[in-house]
Amino acid sequence: MLNLVLFGPPGAGKGTQAARLVEKYHLVHLSTGDIFRSNIKEGTDLGQLAKSYIDKGALVPDEVTIGMLEAEVNSNSNAKGFIFDGFPRTSAQAEALDAFLSSKDTEVSFMLALEVDENELITRLLERGKSSGRADDQDAGIIKNRIQVYENETAVLKTYYANQNKFFGIEGVGSIESITLGLCKAIDTLV
Ligand code: AMP
């Protein structure tokens, strides 16, 4: 199985790139942010809970997020592999993912981390906010909070995967096509 962690700060382009990679490699795309947003739309209890965190730019608690992610993996039992987008975001999530995949006799193949500097992220997110309808993309304060949470809780996962020799940084600035090419080159070299 090919299980990719597509990593990067908010606005790095994970969703855009994941959509292109799933087509080429026939993987299932699991974006925890997308799953939370569809729960919010459907008015589920999970959506209501998630919204209270998302609206502040804070992380949804680990046990909720991990349970949801595991249920999604379980409901795709025929998958050839997964692209995890926006997950894991904490050390506890990364450890839970390792244990969960190991219980299924598989593992994270590698992490591809899109590298984009902070000014570019803020510009991109505010631009996306004009059309995405996402409240968390429209407020500079919430955006800064999300980037801060990334720095404080999420960026450390680069070291987590580097310690397993699974971390690969990819240039995340340029045309969408050129970034996809960089990701594909890395994947094709690694598999
Ligand atoms: P995203 O679409 O990945 O930018 O995620 C949007 C929001 O959903 C984040 O700011 C968090 O509030 C929440 N979220 C998404 N993925 C996670 C995760 N793995 N752990 C905790 N919260 C998450």
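Position 1 is the first residue of the sequence, and the numbers go up from there. Indexing begins at 1, ligand by ligand and atom by atom, following the structure's order. When reading the values below, keep in mind they use all heavy atoms of this one structure, side chains included, and skip hydrogens, waters and symmetry mates.
Stacking of Lys158 on the aromatic ring of Tyr161 is not recorded, the 6.0 Å distance cut-off and the 45° axial limit not both being met.
With a 4.5 Å cut-off on side-chain heavy atoms, Glu107 and Asn3 do not count as touching.
The residue from Gly15, Gly86, Pro10 that puts a heavy atom closest to atom 19 (N) of ligand 1 is Gly86. The option with the heavy atom closest to atom 1 (P) of ligand 1, from among Glu153, Lys51, Gln93, Arg89, is Arg89.
Heavy-atom contacts of Ala58 reach the following atoms of ligand 1: 11 (C), 12 (O) (cutoff under 4.0 Å). Residue Thr65 has at least one heavy-atom neighbour below 4.0 Å for each of these atoms of ligand 1: 18 (C), 19 (N), 20 (N), 21 (C). Within the listing of ligand 1, atoms 2 (O), 5 (O), 15 (C), 16 (N) sit less than 4.0 angstrom from a heavy atom of Gly33. Counting atoms of ligand 1 from 1 in the listed order, those under 4.0 Å from a heavy atom of Arg134 are 1 (P), 2 (O), 4 (O), 6 (C). Within the listing of ligand 1, atoms 2 (O), 6 (C) sit less than 4.0 angstrom from a heavy atom of Arg37.
Of the protein's non-hydrogen atoms, Thr32 OG1, 2.8 Å is the one closest to atom 16 (N) of ligand 1. With respect to atom 10 (O) of ligand 1, the closest heavy atom belonging to the protein is Arg146 NE, 4.0 Å. Nearest non-hydrogen protein atom to atom 7 (C) of ligand 1 is Ile54 CG1, 3.8 Å. Looking from atom 23 (C) of ligand 1 to the surrounding protein, the closest heavy atom is Phe36 CE1, 3.7 Å. Of the protein's non-hydrogen atoms, Val60 N, 3.0 Å is the one closest to atom 22 (N) of ligand 1.
Residue Pro88 has no nitrogen or oxygen atom sitting less than 3.5 Å from a nitrogen or oxygen atom of ligand 1, judged on distance alone.
Asp62 meets the salt bridge (Lys or Arg N to Asp or Glu O under 4.0 Å) test with no other residue; sequence neighbours excluded.
Considering Phe84, Phe110, Tyr150, Tyr160 as possible partners of Phe7, the one that fulfils the ring-ring contact (aromatic ring centres under 6.0 Å, His included) test is Tyr150.
Judged purely by atom type and a 3.5 angstrom limit, Gln138 uses its side chain to pair as donor or acceptor with the backbone of Gly129. No donor-acceptor distance shorter than 3.5 angstrom exists from the side chain of Glu153 to the backbone of Val149, with no hydrogens or angles considered. Using modelled atom types, no side-chain atom of Asn145 and backbone atom of Gly141 make a donor-acceptor pair closer than 3.5 Å. Listed for the Asn76 side chain is a donor-acceptor partner under 3.5 Å among the backbone atoms of Glu72.
In this structure, CG in Leu114 is found 9.5 Å from OG1 in Thr16, a value given to the nearest 0.5 Å.
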